[in-house]
Amino acid sequence: MCNTCGFQGESVNHIMFGCSVARQVWELTNILLPFMETLRMIPWIIWFLWKNRNGVLFECVARRTNELIMKIRELIMKIREEVEFWFLAQEHWEELNAADKVEVTQVQNKWRQPPMGWLKYNIGVMWDRQKRSGGCSWVVRDARGDVLMHSRKAFFNLSHINEARMRSLIWSIEIMKCHRLNKVIFALEDSMIVGMVTRPRAWPSFKSQTKEILYSLSKLEWWRLVMEEKITNT
């Protein structure tokens, strides 16, 4: 039996398409979004329907109709942003992969703007081995490329450049939290830290550092972490 609508004979097809909740979700999706965007959102919508079913079944989380509709509308808007950014990221990685397959004769030296409504936070880090010190500078720009703010800070007693990069990123995240800024893309010239966060299983030796970064990032509702060469930050 479907724990959401009481239909006898629950099945995957019923959960995704036949249940009253599922029908409301698909109906609202088609009303709010163009057809092609709806197609792109299908995996996220299916995930929501399955999660809603598990919430009702295992956690006894049942919402009233009005509350559920409001939740669905809010979720669809968030899914739309997530899908837009995901496809943008895929295009970016395809460009990078294509560049790796051919001989690069000219270095890209143009800053890449974030999607509309997002901010890009470019971070630069330096480290002096002899003085065991380092520094961080950052600049925040919007989708038009306008500089919103910038700052810098020195760090001391650093044993390695990776420590300088870690402390710089953690400090940068705290700055965004203090300014109550959301939808931030943190761009830094460090494939290791980006890999630790985006592919933690590939970096098991840095589990504690990954946990620290993710804890700081959890204070922001929407964020992304990408790698960019310093030369593109112009």
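In this text, all values refer to a predicted model and were calculated from it rather than measured experimentally.
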* Using 4.0 Å as the upper bound for N to carboxylate O, is an ion pair formed by Arg165 and Glu189? -> no

The reported gap from CG in Leu225 to CD1 in Ile123 (rounded to nearest 0.5 angstrom) is 7.5 Å

Closest non-hydrogen contact found for Ser133 with Leu158 is C-CD1, 3.8 Å

Taken to the nearest 0.5 Å, the spacing of Glu212 CD from Thr210 OG1 works out to 10.0 Å

Of Phe186, Trp171, Trp223, the one forming a ring-ring contact (aromatic ring centres under 6.0 Å, His included) with Tyr121 is Phe186

Within 45 degrees of the axis of the six-membered ring of Trp111 and under 6.0 Å from its centre: does Arg141 put its NZ or CZ there? yes

For residues Leu214 and Gln209, determine if any side-chain heavy atom of one lies less than 4.5 Å from a side-chain heavy atom of the other.
-> no

Worksheet item: Tell me, do His179 and Met149 make a side-chain contact under 4.5 Å, heavy atoms counted?
Response: yes

dist His150:NE2 -> Asn122:CG (nearest 0.5 Å) comes out at 13.5 Å

Rounded to the nearest 0.5 Å, the CG atom of Leu220 sits from the NZ atom of Lys183 at a distance of 13.0 Å

For Ser168 and Gly135 the tightest heavy-atom approach is OG-O, 4.4 Å

Rounded to the nearest 0.5 angstrom, the CZ-CZ distance for Arg167 and Phe156 is 9.5 Å

- Shared hydrophobic cluster, Leu148 / Leu181 (ILVMFWY, side-chain heavy atoms < 4.5 Å): yes

CG of Asp128 to CZ of Phe155, rounded to nearest 0.5 Å, is 15.0 Å

Discussion item. Are the side chains of Phe206 and Ile193 in contact, using a 4.5 Å heavy-atom criterion?
Written reply: no

State whether a side-chain donor-acceptor pair under 3.5 Å links Asp142 with Trp118.
no

Exercise for the section: Give the intermediate values and the outcome of side-chain contact (heavy atoms from CB on, under 4.5 Å) for residues Ser151 and Ser137. Expected result: CA-CA 6 Å; Ser151 186; Ser137 61; over 6 Å; no

For Pro115 and Ala143 the tightest heavy-atom approach is O-CB, 3.8 Å

Test Trp222 against Val184 for side-chain contact (heavy atoms from CB on, under 4.5 Å), laying out the working first.
CA-CA 7 Å; Trp222 295 90; Val184 181; over 6 Å; no

Between Glu221 and Asn182 the two heavy atoms that sit nearest each other are CB-ND2, 3.2 Å

_Audit row: Ile173, Lys219, side-chain contact (heavy atoms from CB on, under 4.5 Å) steps and yes/no_ = CA-CA 9 Å; Ile173 297 171; Lys219 301 172 185 177; 5.7 Å; no

message: Please evaluate residues Val194 and Val226 with respect to the criterion side-chain contact (heavy atoms from CB on, under 4.5 Å), reporting the C-alpha separation (whole Å), side-chain torsions for both, the decisive distance (0.1 Å), and the verdict.
response: CA-CA 6 Å; Val194 175; Val226 299; 5.7 Å; no

Q) Does the pair Lys120/Glu228 count as a salt bridge with the N-to-O cut at 4.0 Å? A) yes

For this session: Could you check if a side-chain atom of Ser159 sits within less than 4.5 angstrom of a side-chain atom of Arg132, using non-hydrogen atoms only?
Result: yes

**Study point:** Expected output: side-chain His160 to main-chain Asn162 donor-acceptor under 3.5 Å
**Key:** yes

query: Is it true that Ile170 and Met192 fall in one hydrophobic cluster, defined by side-chain heavy atoms closer than 4.5 Å?
result: yes

Are Leu217 and Val197 close enough that some pair of their side-chain heavy atoms sits under 4.5 Å apart?
yes

Closest non-hydrogen contact found for Ile213 with Met196 is CD1-CE, 4.2 Å

Residues passing the side-chain hydrogen bond (donor to acceptor under 3.5 Å, both in side chains) test with Ser191, sequence neighbours excluded, are none

### Query
Is there a chain of hydrophobic side chains (I, L, V, M, F, W, Y, each step under 4.5 Å between heavy atoms) that links Leu188 to Met126?
no

